[in-house]
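Let me begin by presenting the structure, written as structure tokens, before commenting on it.
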Amino acid sequence: MSDISDLIDFDSLLTSEELALRDLVRSFVDSEIKPNIAGWYEKGHFPVEIVPQLAKLGLLGMHLKGYGCAGRSAVEYGLAGAELEAGDSGTRTLVSVQGSLAMSAIYKHGSEDQKQEWLPAMAAGEVIGCFGLTEPTAGSDPGSMTSYARRDGSDWILNGAKRWIGLASVAQVAVIWAQTKDGVRGFLVPTSTPGFTATPIGPKLSMRSSIQCDIELTDVRLPESSVLPNVVGLKGPFSCLNEARYGIIWGAMGAARDSFEAALDYSKGRMQFDKPLAGYQLTQQKLVDMALEINKGFLLALHLGRLKDAGRLQPDQISVGKLNNCREAIKIAREARTILGGNGITLDYSPLRHANNLESVRTYEGTDEIHTLILGQKLTGVPAFR
Ligand code: TGC
């Protein structure tokens with residue numbers, strides 16, 4: 001939350017360490033992201049050059065303990081995610097793909113040797129990771145994936161295709177999930193391995209300052225040591241999606257807050273019919289409705305974060321946050337744009353950029369529809385997926 005949008009003294013719910021971390025990330029976003037994001041977005045530039053700074057701030061794999069990671073709490077991770085996404089969803093996505101997905105997969109399911117090999121370098125930003133689950137014909141239903149790994153002596157041979165994989169073309173290691181004769185397994189694939197190619201998808205109308213790729217896997221030969229040994233089945237990737245979905249709960253509210261603040265600020269200075277837009281009741285109604293949802297969204301995020309830190313957060317509770325906060329954030333970003341009038345369609349103002357980004361955010365890591373059905377199953381006891 002920020003002083004401008006906080007109607008409920010939200011900050012009094014945070015510790016001094018949490019506030020300090022939030023302020024540190026906010027100041028980084030104010031100095032390094034906000035002045036540059038319009039240009040990056042216009043050019044479709046993914047700012048890989050900020051990775052060392054994100055590492056120096058301790059933001060890569062920040063919720064993991066040991067292996068050079070910062071060992072921060074879930075609430076601190078969430079607060080950082082909100083600040084990063086107040087800059088741009090692409091920046092939070094970078095940290096999320098690296099920490100919540102690629103590093104979490106190794107941390108949760110990897111061998112000690114795999115953790116030692118990859119995690120310190122990834123926390124330091126020397127190695128970028130990606131996470132390949134979705135396929136061209138398997139999005140909401142990853143169980144229908146067709147990528148397949150077969151044995152050849154003690155090696156594995158991996159074939160298949162992945163789509164919408166963040167960071168893949170700049171990554172040095174890919175966590176690839178594939179069917180095997182025993183069920184879905186995870187593989188650590190150095191992206192220099194012959195047969196691995198990653199091609200950015202574009203042009204895009206959303207997340208233009210981020211990279212999502214098609215991956216082709218053609219007879220990729222991997223040693224036995226590349227398989228994640230500690231999990232078989234979809235619970236492997238789903239356990240990582242839980243981490244990324246949790247971060248989105250906070251991140252979406254960061255984008256909403258920044259949109260609201262842009263609209264509030266503009267409304268105070270923009271004169272029409274001899275008074276500022278902020279003086280019109282219709283504008284105040286919009287601003288108040290936005291602020292209420294932002295305050296409620298942050299409270300929900302904090303509650304879920306406290307549950308996570310207590311080890312009690314359940315996957316369906318993550319769906320409550322992901323569904324609600326993405327849905328409200330996109331409404332807020334669009335409503336904020338209306339206050340900006342025609343000027344709101346330029347890159348001089350953040351709301352439409354945030355709204356376009358949030359189209360991706362509401363879609364990845366489980367669409368609105370998937371999270372609705374997860375909660376429908378929770379309420380009724382009846383799965384409606386198939
Ligand atoms: P289902 O039979 O229900 O479950 C299979 C196994 O997984 C377990 N499980 C979970 N474990 C941990 N956390 C969760 N949230 C879990 N959900 C399920 C489950 O207990 C079971 O374990 P076991 O031991 O019995 O085998 O599987 P299902 O496929 O029928 O589940 C249905 C559904 C809809 C919930 C699931 O398919 C789903 O969540 N679909 C959405 C997938 C999604 O979010 N995809 C986005 C991926 S993003 C991406 O690939 C790109 S990364 C982002 C980037 O790079 O930018």
Side-chain angles (χ1 to χ4, degrees), residues 46 81 85 89-105 108-109 128-145 147 160-171 173-179 182-186 191 198 200-201 204 206-207 209-215 230-248 251 304 308 313-323 326 357 359-378 381-386:
F46 172 68
E85 198 147 353
S89 299
T91 314
R92 201 264 312 140
T93 296
L94 192 174
V95 167
S96 176
V97 170
Q98 176 85 345
S100 292
L101 293 174
M103 293 176 75
S104 281
K108 285 172 188 280
H109 308 304
I128 294 178
C130 65
F131 183 89
L133 176 65
T134 297
E135 299 193 347
T137 58
S140 291
D141 177 19
S144 66
M145 72 172 69
S147 293
K162 298 286 171 183
R163 185 160 169 83
W164 295 118
I165 308 308
L167 313 188
S169 60
V170 295
V173 64
V175 179
I176 299 290
W177 300 95
Q179 301 280 4
D182 302 319
V184 170
R185 310 264 340 232
T191 56
I201 298 169
K204 293 178 294 176
S206 174
M207 299 273 278
S209 182
S210 179
I211 309 175
Q212 286 73 38
C213 296
D214 277 310
I215 290 178
N230 297 330
V231 75
V232 179
L234 280 175
K235 60 180 178 289
F238 287 161
S239 67
C240 306
L241 294 190
N242 289 340
E243 301 293 334
R245 291 168 175 175
Y246 166 75
I248 291 170
L304 297 176
K308 191 167 185 342
L313 184 63
Q314 298 302 312
D316 50 80
Q317 295 169 330
I318 298 174
S319 291
V320 173
K322 207 272 183 183
L323 176 62
C326 285
N357 284 338
E359 293 289 350
S360 298
V361 178
R362 78 185 312 179
T363 302
Y364 68 26
E365 317 298 357
T367 60
D368 287 7
E369 291 79 4
I370 285 295
H371 290 294
T372 300
L373 294 184
I374 289 171
L375 294 172
Q377 179 174 6
K378 171 73 180 172
V382 184
F385 301 111
R386 40 179 80 85

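One-based numbering, in listed order, for ligands and for the atoms of each. We use all heavy atoms of the structure for the numbers below, so side chains are in, but hydrogens, waters and symmetry mates are not.
- By the salt bridge (charged side-chain N to carboxylate O under 4.0 Å, His left out) test, D368 pairs with R362, sequence neighbours left out.
- Atoms of ligand 1 found under 4.0 Å from any heavy atom of N242, numbered from 1 in the order shown, are 12 (C), 13 (N), 14 (C), 15 (N).
- Distance screen at 4.0 Å: atom 49 (C) of ligand 1 has a protein heavy-atom neighbour inside the cut-off.
- Taking any N or O of G366, backbone or side chain, at least one lies under 3.5 Å from an N or O belonging to ligand 1.
- The shortest N/O to N/O separation between R245 and ligand 1 falls below 3.5 Å.
- A donor-acceptor contact closer than 3.5 angstrom links the side chains of S206 and S360.
- Across all non-hydrogen atoms, the minimal contact from V175 to A105 is CG1-CB, 3.9 Å.
- Side-chain contact annotation: K378 with Q314, donor-acceptor N/O pair under 3.5 Å absent.
- Each of the following atoms of ligand 1 lies closer than 4.0 Å to a heavy atom of V97: 54 (C), 55 (O), 56 (O).
- What sits closest to atom 9 (N) of ligand 1 on the protein, heavy atoms only, is F238 CD1, 3.5 Å.
- Atom 21 (C) of ligand 1 lies below 4.0 Å from none of the non-hydrogen atoms of the protein.
- Less than 4.0 angstrom separates some heavy atom of F385 from each of these atoms of ligand 1: 34 (C), 35 (C).
- For atom 2 (O) of ligand 1, the protein comes within 4.0 Å by no heavy atom at all.
- In terms of polar-atom proximity, I374 is not counted as a contact of ligand 1, lacking any N or O under 3.5 Å from an N or O of the ligand.
- Ranking the protein heavy atoms by distance from atom 19 (C) of ligand 1 puts K235 CB, 4.9 Å first.
- Of the polar atoms of S140, at least one N or O is found under 3.5 Å from an N or O of ligand 1, judged by distance alone.
- Those atoms of ligand 1 with a heavy atom of I165 less than 4.0 angstrom away are 55 (O).
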Going through the checks in order, is the salt bridge (charged side-chain N to carboxylate O under 4.0 Å, His left out) test met by E135 and K162? CA-CA 4 Å; E135 299 193 347; K162 298 286 171 183; 2.9 Å; yes

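- For atom 37 (O) of ligand 1, the nearest protein heavy atom is under 4.0 Å away.
- Looking at D141 next to ligand 1, no N or O pair under 3.5 Å apart turns up.
- Close contacts between ligand 1 and L101 involve ligand atoms 52 (S), 53 (C) [criterion: under 4.0 Å to a heavy atom].
- Counting protein heavy atoms under 4.0 angstrom from atom 55 (O) of ligand 1 gives one or more.
- Applying the salt bridge (charged side-chain N to carboxylate O under 4.0 Å, His left out) criterion to R185, with sequence neighbours excluded, gives no partner residue.
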